[in-house]
Structures are given as structure tokens and as C-alpha cells.
Amino acid sequence: MRQNEGRTIGLYTKVSPEEKEVIDQKMALLGTSNLRAYLRKMAVDGYVVQLDMSSVVELVKLLRSISSNVNQIARRCNSTRSLYAQDMEDLRQGYNAVWQGVSDLLKKFEAL
């Protein structure tokens, strides 16, 4: 054991093969392979929350896309001195998609 770790009390227990399989399955669901950290977290907190961040990643992609569209429209407006209705509609659709994504994400958070 590392001295600087601060953990000086050892806890030891035995489990059945069936219990070990359940523990392994739960660890796999969380995507962790550190048994000691998993058991410590479960013993102290009683639960582990793993968030599916795919919705956030999708929102970031949408925001980047909108940002790029805004920059392109701004360049075109600066060079032609006019704003096209289709540009505004593209932005409106992009913003609606982002807000729908935010709404879906908030619903998922409420379900936690």
C-alpha cells in the first residue's frame, strides 16, 4: 500500500462465484475495471451514477454547426450588404434543434 494514500485500514471479505459475477457485470456496465475503486465507491456512497453524455456531445455538434452557419452568414452579409431569408430560416431551424436537444437532456436529468 502506498504511504501517501491515507488509507491504512484493510477490509477483506469473501464472495461466492455468483456474487463475483454480478459485481463484474455491474462494473462492466459502468465501464470500469478497477475493482478496489468500485467497491470503495459502493461502500461509501451506496451507488454510482454514470451519465450517458451522448446527448451532450450531439448538442455540442449542433452548436458548432450553428456557429459555423452564423459566421458564414456574417461574412456574406459583410460582403454583399444583404441578408437572405433562407439564411434566417437555416438559423431558425438550427436553434430549434438545439433547444429540442436541451429540452430532451433536461428531461433525462429529471428522471435521475
Side-chain angles (χ1 to χ4, degrees):
M1 179 183 298
R2 289 172 258 163
Q3 295 293 17
N4 296 337
E5 195 172 68
R7 296 183 181 109
T8 58
I9 300 171
L11 299 176
Y12 307 97
T13 188
K14 291 185 178 185
V15 295
S16 70
E18 294 82 15
E19 291 170 328
K20 177 67 167 101
E21 182 61 33
V22 171
I23 291 169
D24 290 342
Q25 289 172 0
K26 289 184 177 185
M27 285 177 56
L29 285 174
L30 289 173
T32 184
S33 59
N34 187 333
L35 179 63
R36 293 209 279 174
Y38 172 79
L39 293 175
R40 216 175 9 254
K41 183 73 172 165
M42 291 302 292
V44 172
D45 293 340
Y47 61 92
V48 176
V49 176
Q50 181 183 16
L51 299 176
D52 177 12
M53 300 302 283
S54 61
S55 298
V56 175
V57 170
E58 185 62 31
L59 279 176
V60 169
K61 287 178 184 177
L62 286 171
L63 288 171
R64 284 185 181 139
S65 174
I66 290 173
S67 174
S68 175
N69 289 347
V70 168
N71 287 336
Q72 290 172 3
I73 291 169
R75 281 190 210 117
R76 192 176 319 141
C77 286
N78 286 334
S79 66
T80 65
R81 300 286 186 224
S82 62
L83 179 62
Y84 299 106
Q86 184 60 44
D87 291 339
M88 290 303 297
E89 184 57 31
D90 290 345
L91 286 177
R92 199 176 340 270
Q93 289 177 1
Y95 282 118
N96 286 339
V98 168
W99 281 113
Q100 183 61 48
V102 169
S103 176
D104 293 346
L105 187 61
L106 291 176
K107 287 177 186 174
K108 288 180 182 179
F109 283 141
E110 287 175 359
L112 294 177

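Hydrogens, waters and symmetry mates are skipped; everything else that's a heavy atom, side chains included, is used. All of these numbers come straight from a predicted model, not from anything done at the bench.
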side-chain contact (heavy atoms from CB on, under 4.5 Å) between M42 and K26, intermediate numbers included: CA-CA 11 Å; M42 291 302 292; K26 289 184 177 185; 6.0 Å; no
R81 versus N78, closest heavy-atom pair with distance: NH1-O, 3.4 Å
Test of understanding: clusters of I, L, V, M, F, W, Y form through side-chain heavy atoms closer than 4.5 Å, transitively. Do V22 and L30 belong to the same one? no
S67 and side-chain contact (heavy atoms from CB on, under 4.5 Å): which partner among L63, N71, V70? N71
Going by distance alone, is a donor N or O of one side chain under 3.5 Å from an acceptor N or O of the other, for D104 and Q100? yes
Between the CG atom in D24 and the CG atom in L29, the distance rounded to the nearest 0.5 Å is 11.0 Å
Value for CZ (R40) from CG (N34), rounded to nearest 0.5 Å, stands at 7.0 Å
Inter-residue atom distance Q93.CD - M88.CE, 0.5 Å rounding: 12.0 Å
To the nearest 0.5 Å, tell me how far L62 CG sits from E58 CD. 5.0 Å
Going only through I, L, V, M, F, W and Y residues with side-chain contacts under 4.5 Å, is there a path from I73 to Y95? yes
From CA spacing to verdict: side-chain contact (heavy atoms from CB on, under 4.5 Å), I23, L35: CA-CA 9 Å; I23 291 169; L35 179 63; 3.8 Å; yes
Closest approach of L59 and V102, non-hydrogen atoms and distance? CD2-N, 3.7 Å
d(Y84 OH, C77 SG) to nearest 0.5 Å is 8.5 Å
Rounded distance [0.5 Å steps], CE in M27 versus CG in L39: 7.5 Å
So, applying salt bridge (charged side-chain N to carboxylate O under 4.0 Å, His left out) with D87, which one of R92, R75, R76 is it? R76
